Amino acid sequence: MKMKISHVAVCTVLGFGSMAAQAQQNMVRFGFVNIQIHSVADPVSSNGPAFLTPQPASVSISNSNTALFGYTRSINEHWDVDVALGIPPKYDVYGTGTFAPFGVMATVKEAAPTVFAIYNFGHPKDRFRPYVGLGVNYTKFFDAKATPSGELAAGGPSKITATESVGLAAKVGATYNLSDEWALIGAVGYADVRTTLTVNTGSIQRSGDVKFNPVTYSLTLGYRF
Amino acid sequence: MLAMAVLAGCGGSDGSGPIVNSDTQTRGTLVASPPNRVPIPQTDGTYAATLPPAQFAQMLEAVQPGLTKITGTPKCAISLYYMKYVTTGGAGEATDATGAIMVPSGVDPACSGPRPVVLYGHGTAVEKAFNMANIRENPEAALVAATFAAQGFIVVAPNYAGYDVSSLTYHPYLNAEQQANDMVDAMRAAKKAFPAIGAQDSGKLVVTGYSQGGYVALAAQRAMQTAYASEFKVNALAGMSGPYALTLFADVTMAGSPPLGGTIVVPLLLTSWQKSYGGMYSSTSEVYEAQYATGIESLLPGTLTVPQLFASGKLPQSALFAADSLPGPSSPAFAAFFGNGNLLKSSFRTTYLADAQQNPCNTAEGALISCNPANPLRKAALKNDLRTYVPTTPTLLCGGNADPEVFYSNTQAMQTFFLSKGMPAAALTVVDVDSSPSGVTDPFAALKVGFSLAKAATAHAAAAANTDPDQAVATDYHGVLVPPFCMVAARGFFQNVLAAQ
């Protein structure tokens, strides 16, 4: 009884008239995500002498894995709003071209919350419901640090910044309902994530634009309430 | 909310970085500390932070076989740094410049502990990208590293304002005051960098340079002695093949004995003095023939090499004066500097010579009498003639007497001037590497023998290739043959002076 009243209140607040057939409209989920990066980077430019940044010099980003958690709110029988977030994964920044001998030159972490509008096929009572989602990713980079090898390439202690990114995200997945409360959710996703890496070393500033092109493979366990 | 909790602990970018000084006005400011360390490529494709002596020896021998026999086998590992510092331009404007710092290291006693510092002025360069920190691609930088850093001297070598990424849009070539200030500011910045890069300065400072750099070295030592005495003590000075006696050099050039390379040096000089003082001309077409006048002020230093400058028609290879410009060449040896496609207008030359006739400056051998030129170019040459003071530090002047690019008469004029103004003879050493050893006690005997062998080898190689041996020697004399021998002469001089102090 109480739940029903609060449920109505929430629905009213959200501005949705319809009432879900189920009492459980919220899901929290926790699991694992593998992030495959297919980075494309511009050549690194420099405001210093050419011989200290011989071309072609660029970078590539490693893959990563992390724990993923999310919150999904059902709007109606088909539509959800989903917020996904991971424990910030750490990426290795590899040198390419003339930077290749330096290997991993830096590491950087990111926080990349993504909001999706999800369309679930089938019916809420189906054991297996595929879905598609379209959303917006916001990525903030932090803890960018040069490795000793990166400092050798750059010429000394370096301050690295990476600009934040806002971009479209999409995913396809499926929910496998174990019970009314529990579900397994698997998904493959993509987001448009790009940044400008800037490295300041001595009197030289180097920078390069990098598109991450992340493809994510996730498996989470969800709990509805 | 969860997102916020995660982000709360993150503080933007992390990691230490350089300490940047945003002061763009105070001379001698080190723009960033520590300065950039140049990574050294190893033979296996990886990089290291220092250049080991054995690897450096191989590198030198690969480029110029026999060089390490002249300079000595490298003893010390070298750490190379690239710094940026604040200095002034030719008109007193605040600007910046870059330069190299070379730091020796190693277990050899010559490489460890507190080391003496060589402040080095480099020679004329047409390319803006010229960089004394680029020893792999810059032969002068490699020679300086081999002669000094590899043998235990810390080297501070500015690139000069107007070169590399300097924000000055021209280079104040042979502007004595600016170039001296540039060297002073490079030294100031380097001293600030030393603790950050583990360089131990013994407190001994020697100043040297080659060609334009020889001039700059004397100008810098003069400034340190007269204007910056409380800040710097110069323990020894060595000028190598420099155009010290500028009124003499300019007068003989215009009179009909131009130097090889004059078509490069004159635009550098005129642009420098025009930007520094004004008054050289009201437009470039007043001085230069029409085909060269447009854009010549921003041509040097620039993106073209010497061969490209000539091939593209931006400058003539040798013709400074018109074929019919009077007076003609002072001897057949100078005929190449008169011809078609000449750089300078005859009217410009005539005006100069009229003033030289009216207001002579160099009537006596090597003596600069009180002359009073009216011509702006001659006035500027007088202003920048270094025969104004006597060094109070042991001084070496080195060169080759047959130098076709920077006449040896500059060295002789300087010697005459110093001695006539009371410099103790023992304090001044003059070495003509292109001469026979004076005897078994000649400390420069080996160098003189080495030079004559190098000269003969150049002539021999040219003859074997069916080209003119005299031409080949003349072409290489100033820039290739003399430098290693004068550099080693300077080093020996410095080591003797420092050991005696």
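Residue numbers start from 1 in every chain, and the chains themselves are labelled A, B, ... in the order their sequence lines are given, proteins ahead of strands. Quick caveat, the model's predicted, so the values are computed rather than measured.
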Assess, by modelled atom type and distance only, whether the side chains of Tyr217(A) and Gln36(A) contain a donor and an acceptor separated by less than 3.5 Å. no

If you measure from the Lys or Arg side-chain nitrogens to the Asp or Glu carboxylate oxygens, is any gap between Asp209(A) and Lys211(A) under 4.0 Å? no

Quick one: does Arg115(B)'s side chain have a donor or acceptor within less than 3.5 Å of a partner on Val103(B)'s backbone? no

Determine whether Asn21(B) and Leu30(B) make a side-chain contact, defined as any pair of heavy atoms from C-beta on separated by less than 4.5 Å. no

Non-hydrogen side-chain atoms of Ile185(A) and Tyr131(A) separated by less than 4.5 Å: yes

Look only at the side chain of Ser158(A) and the backbone of Gly17(B), and say whether a donor-acceptor pair between them is shorter than 3.5 Å. no

Does any heavy atom of chain B fall under 4.5 Å from the side chain of Ala154(A), the backbone, both, or neither of them? backbone

Measure the shortest side-chain to side-chain distance between Tyr82(B) and Ser203(A) over non-hydrogen atoms and say whether it is less than 4.5 angstrom. yes

Heavy-atom contacts under 4.5 Å, residues 124-137 of chain B to chain A: Asn131(B), Ala133(B), Asn134(B), Glu137(B)

What part of Ala100(A) is in contact with chain B, defined as an atom under 4.5 angstrom from a non-hydrogen atom: side chain, backbone, both or neither? neither

Plane angle bin for Tyr120(B) and Phe148(B) - parallel if under 30°, tilted between 30 and 60°, otherwise perpendicular: tilted

Does any N or O in the side chain of Ser62(A) come within less than 3.5 Å of the main-chain N or O of Asp92(A), such that one atom is a donor and the other an acceptor? yes

With a 3.5 Å distance limit and no angle check, can you tell me whether Asp80(A) reaches the backbone of Asp82(A) through a side-chain donor-acceptor pair? no

Which residues, numbered in order, of residues 34-41 of chain B come under 4.5 angstrom of chain A by heavy-atom distance? Pro34(B), Pro35(B), Asn36(B), Arg37(B), Val38(B), Pro39(B)

Determine whether the side chains of Gln179(B) and Tyr160(B) contain a donor N or O and an acceptor N or O closer than 3.5 Å. no

Checked Val108(A), Leu52(A), Val199(A) vs chain B; the most non-hydrogen pairs under 4.5 Å come from Leu52(A)

